[in-house]
Amino acid sequence: MEVDISKTYDELSRKAANVIADVLNAKPNAVLGMATGSSPLGLYQELVRMHREEGLNFSQVTTFNLDEYVGLPVTHKQSYHYFMHENFFKHVNIPRENIHIPSGTTRNYRAFCEWYESRIKSCGGIDVQILGIGSDGHIAFNEPTSSLTSRTRLKTLARPTIEDNARFFDRVEDVPIYAITMGVGTILEAQTLVLVANGKNKADAVAKMIEGPVTSMITASALQMHSDARVFIDEPAAGRLQMREYYEWVQAKKPGAPAT
Ligand code: F6R
């Protein structure tokens with residue numbers, strides 16, 4: 001796992017966006033895995049800036065989102081469909097038919113999940129997956145004790161997640177209890193993982209993800225089993241890392257490292 005600690009949220013967002021831009025420049029028809037929530041907002045803003053000012057081209061890109069709340073129509077302001085449209089898709093040139101977001105309103109969740117998995121495969125798999133981390137250590141909506149081999153499926157959200165996400169709703173009772181989410185196994189199949197996290201309230205989960213045991217209690221710890229997982233965090237989110245000095249040393253020495 002590569003751990004990159006930035007002074008500010010803007011800096012970590014820029015660095016994470018550069019990874020995505022490098023993938024797109026090398027492979028214009030890349031398949032991107034998208035995340036929602038507050039963590040990747042800066043990354044999306046930077047990609048939009050690169051699209052407008054530097055001509056970063058998304059015209060051949062295909063996307064798959066990690067998750068969606070069950071029961072919210074796509075027009076609901078807290079649905080992840082709405083979030084993605086407002087914060088990213090409407091600002092770049094991804095063909096509409098190339099955008100995939102789990103359905104929160106399908107009549108047959110099992111069939112939809114199977115279709116979603118097979119669609120990822122038929123598009124060639126995900127080249128780079130963007131991730132955030134929940135304060136309980138989840139990735140996507142893979143709550144503690146989710147199988148580390150899980151696939152796209154319906155999940156019941158944990159109470160801490162519902163309470164964390166209540167900030168986006170009028171009342172905590174309005175937060176959906178169920179979600180459809182890619183599994184940990186689905187996520188681990190992406191070629192590259194880019195996880196962004198900022199703020200003190202993520203410090204505990206971040207430390208457990210990077211330095212704790214691999215456990216379904218912290219599903220983000222499964223990133224330790226991936227051969228190209230890159231974690232971009234700010235100083236408050238790095239606050240509980242024991243090996244921080246080493247990560248900073250590695251980053252400082254990176255320019256002089258032999259090319260691989
Ligand atoms: C959202 C997702 C979640 C969030 C996590 C952190 O698509 O998959 O795992 O990344 O809950 O959310 P924020 O970034 O709002 O703190």
Side-chain angles (χ1 to χ4, degrees), residues 9-10 12-13 16-17 32-45 63-70 72 74 76-89 99-104 116 126 128-146 148 150-169 172 175-188 190 193-206 208-209 216-223 229-234 236-237:
Y9 175 66
D10 283 354
L12 82 83
S13 301
L32 303 183
M34 316 302 284
T36 54
S38 46
S39 309
L41 277 175
L43 186 168
Y44 292 145
Q45 276 160 17
T63 65
F64 286 91
N65 262 79
L66 286 171
D67 42 19
E68 177 57 289
Y69 289 119
V70 163
L72 299 191
V74 298
H76 191 289
K77 290 212 159 122
Q78 298 312 331
S79 76
Y80 288 167
H81 280 77
Y82 190 90
F83 175 101
M84 286 309 299
H85 181 72
E86 287 303 304
N87 292 299
F88 189 57
F89 293 142
I99 293 173
H100 304 84
I101 305 178
S103 167
Y116 204 71
I126 294 172
V128 54
Q129 175 66 59
I130 299 165
L131 297 165
I133 181 170
S135 60
D136 64 358
H138 69 215
I139 44 172
F141 276 137
N142 293 290
E143 300 289 32
T145 72
S146 290
L148 300 186
S150 50
R151 314 300 308 187
T152 304
R153 69 216 183 287
L154 198 79
K155 272 305 276 187
T156 306
L157 300 183
R159 273 187 208 278
T161 301
I162 292 175
E163 280 154 21
D164 277 354
N165 292 1
R167 68 189 193 278
F168 300 115
F169 292 80
V172 68
V175 183
I177 292 169
Y178 308 101
I180 182 167
T181 179
M182 272 189 210
V184 181
T186 321
I187 292 168
L188 289 179
L193 304 178
V194 170
L195 185 142
V196 286
N198 63 295
K200 207 167 102 193
N201 68 325
K202 297 290 173 71
D204 189 43
V206 163
K208 287 175 174 159
M209 161 178 73
S216 65
M217 288 297 283
I218 302 287
T219 53
S221 66
L223 266 65
R230 310 190 199 176
V231 174
F232 295 91
I233 52 180
D234 67 359

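Both ligands and their constituent atoms are indexed starting at 1 by order of listing.
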Pairs under 3.5 angstrom, nitrogen or oxygen on both sides, ligand 1 versus protein: list them out, please.
unit_1, atom_1, unit_2, atom_2, d
ligand 1, 7 (O), Thr36, N, 2.9
ligand 1, 7 (O), Thr36, OG1, 2.7
ligand 1, 7 (O), Asp67, OD1, 2.7
ligand 1, 7 (O), Asp67, OD2, 3.4
ligand 1, 8 (O), Asp67, OD2, 2.8
ligand 1, 9 (O), His138, NE2, 3.4
ligand 1, 9 (O), Ala140, N, 3.3
ligand 1, 9 (O), Ala140, O, 2.7
ligand 1, 11 (O), His138, NE2, 2.7
ligand 1, 14 (O), Ser38, N, 3.2
ligand 1, 14 (O), Ser39, N, 2.8
ligand 1, 14 (O), Ser39, OG, 2.5
ligand 1, 15 (O), Ser38, N, 2.9
ligand 1, 15 (O), Ser38, OG, 3.1
ligand 1, 15 (O), Arg167, NH2, 3.0
ligand 1, 16 (O), Lys202, NZ, 2.7

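With a 4.5 Å cut-off on side-chain heavy atoms, Val196 and Ile233 do not count as touching.
Here the rule is side chain to side chain contact (heavy atoms under 4.5 Å, CB included) with Leu66, and of Thr36, Leu131, Ile130 only Leu131 fits it.
Ser221 and Lys208 are not linked by any side-chain donor-acceptor pair at a separation below 3.5 angstrom, with hydrogens and angles left out of the test.
Here CE of Met84 is found 11.0 Å from OG of Ser79. Values are rounded to the nearest 0.5 Å.
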All N/O donor-acceptor pairs, side-chain side in residues 135-142, below 3.5 Å, sequence neighbours left out:
unit_1, atom_1, unit_2, atom_2, d
Ser135, OG, Asp164, OD2, 2.6
Asp136, OD1, His138, N, 3.1
Asp136, OD1, His138, ND1, 3.1
Asp136, OD2, Thr161, OG1, 3.3
His138, ND1, Glu143, OE1, 2.8
His138, ND1, Thr161, OG1, 3.3
Asn142, OD1, Arg153, NH1, 3.0
Asn142, OD1, Arg153, NH2, 2.9
Asn142, ND2, Ile139, O, 3.0
Asn142, ND2, Met182, O, 3.0

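Closest of all the heavy-atom pairs between Pro102 and Tyr116 is CD-OH, 3.2 Å.
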